[in-house]
*Asks:* 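Have a look at the structure that comes next, please.
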Amino acid sequence: MDYGEYKVSRDLAWKIILDMGFTELPIKVSAICRKLGIEIRSYEKAKELLERHQLENKILEIDGFTLGIDGRYTILFNEHCSIQRNRFTVAHELGHILLGHIPKNGMHITAINREPSSKDNPLEQQANVFASRLLAPV
């Protein structure tokens, strides 16, 4: 990822923090999603939705992803992961949404379940930068 892409992600995280009026940590990612009309659901609570879109098998492989349906976004996450991992996953998916990586009627499935690498797809790197700067602003 080049420095320009990094700055876009970093600056967007700060913009969200400032625009939403956060003054203390931890940043409440769920509050941001609620305010933006983005639904967050665990795989368990989204069983019907997952079945309807034939994604039941995919959830065994990934920690989370985003669906765009009828112009609305839903971030789904694996409730069996740690709270910290789920916060990062939701923040990462929020980054994809706000950075314009996911169409409003589409699906983004992260197929990478490991620590970020400089060899990752630039869109994944941007979402990782956004999530890390949102959760731990420096």
*Asks:* Ignoring hydrogens and geometry, is there a side-chain-to-backbone donor-acceptor pair from E79 to E44 under 3.5 Å?
*Replies:* yes
*Asks:* Without swapping roles, check the side chain of E51 against the backbone of E48 for a donor-acceptor pair under 3.5 Å.
*Replies:* no
*Asks:* Start with the C-alpha gap between H96 and Q126, add the side-chain angles, then the distance that decides, and say whether side chain to side chain donor-acceptor pair (under 3.5 Å) holds.
*Replies:* CA-CA 8 Å; H96 279 305; Q126 272 193 303; over 6 Å; no
*Asks:* Under a 3.5 Å distance rule, please check whether Y43 uses its side chain to pair with a backbone N or O of G64 as donor and acceptor.
*Replies:* yes
*Asks:* Does some side-chain heavy atom of F65 sit less than 4.5 Å from a side-chain heavy atom of L67?
*Replies:* yes
*Asks:* Compare every heavy atom of A13 with every heavy atom of R133, then report the nearest pair and how far apart it is.
*Replies:* CB-CB, 3.8 Å
*Asks:* Is I102 close to Y73 at the side-chain level, that is, under 4.5 Å between some pair of heavy atoms?
*Replies:* yes
*Asks:* To the nearest 0.5 Å, what is the distance between CE (M1) and OG (S9)?
*Replies:* 6.0 Å
*Asks:* Is it true that F88 and L123 fall in one hydrophobic cluster, defined by side-chain heavy atoms closer than 4.5 Å?
*Replies:* no
*Asks:* Indicate yes or no: at least one non-hydrogen side-chain atom of L99 is less than 4.5 angstrom from one of L12.
*Replies:* yes
*Asks:* Do K47 and E56 have side chains that get closer than 4.5 Å, going by heavy atoms?
*Replies:* no
*Asks:* For V129 and R10, which heavy atoms make the closest approach, and how far apart are they?
*Replies:* CG1-N, 4.0 Å
*Asks:* Please evaluate residues T89 and C81 with respect to the criterion side-chain contact (heavy atoms from CB on, under 4.5 Å), reporting the C-alpha separation (whole Å), side-chain torsions for both, the decisive distance (0.1 Å), and the verdict.
*Replies:* CA-CA 10 Å; T89 296; C81 292; over 6 Å; no
*Asks:* Quick one: pull up CD1 in I59 and OG in S42 and give me the separation to the nearest 0.5 Å.
*Replies:* 9.5 Å
*Asks:* Do S30 and R87 come within less than 4.5 Å of each other through their side chains, counting heavy atoms only?
*Replies:* no
*Asks:* From R85 CZ over to I83 CD1, what is the distance, rounded to the nearest 0.5 angstrom?
*Replies:* 14.5 Å
*Asks:* To check you understand the geometry: which heavy-atom pair defines the closest contact between P137 and L135, and what is its length?
*Replies:* CD-C, 3.6 Å
*Asks:* Within the 4.5 Å heavy-atom criterion, are L49 and L76 side-chain neighbours or not?
*Replies:* yes
*Asks:* Between R41 and E39, is the closest basic N to carboxylate O distance under 4.0 Å?
*Replies:* yes
*Asks:* Could D11 and K7 be called an ion pair, given the rule that one side-chain N must be under 4.0 Å from one carboxylate O?
*Replies:* no
*Asks:* Kindly compute the distance separating NE2 (H92) from CG (L134), expressed to the nearest 0.5 Å.
*Replies:* 13.0 Å
*Asks:* Decide side-chain contact (heavy atoms from CB on, under 4.5 Å) for H53 and I69; before the verdict, give the C-alpha distance in whole Å, the side-chain angles of both, and the deciding distance to 0.1 Å.
*Replies:* CA-CA 10 Å; H53 294 280; I69 302 169; 3.4 Å; yes
*Asks:* Show your working on side-chain contact (heavy atoms from CB on, under 4.5 Å) between I38 and L94 and close with a plain yes or no.
*Replies:* CA-CA 9 Å; I38 299 167; L94 178 62; 3.6 Å; yes
*Asks:* Can you tell me if CG on L25 sees more than 12 non-hydrogen neighbours from other groups inside 6.0 Å?
*Replies:* yes
*Asks:* Show, in sequence, the C-alpha distance, side-chain angles and deciding distance for I40 and F77, and conclude whether the side-chain contact (heavy atoms from CB on, under 4.5 Å) test is met.
*Replies:* CA-CA 8 Å; I40 304 170; F77 68 92; 3.6 Å; yes
*Asks:* Evaluate the side-chain proximity of M20 to L36: yes if any heavy-atom separation is below 4.5 Å, no if none is.
*Replies:* yes
*Asks:* Roughly how far, to the nearest 0.5 Å, is the CG atom of L50 from the CG atom of L55?
*Replies:* 6.0 Å
*Asks:* Quick check for you: to the nearest 0.5 Å, what is the distance between F130 atom CZ and K15 atom NZ?
*Replies:* 11.0 Å
*Asks:* How about I62 and N78: do any of their side-chain heavy atoms sit closer than 4.5 Å?
*Replies:* no
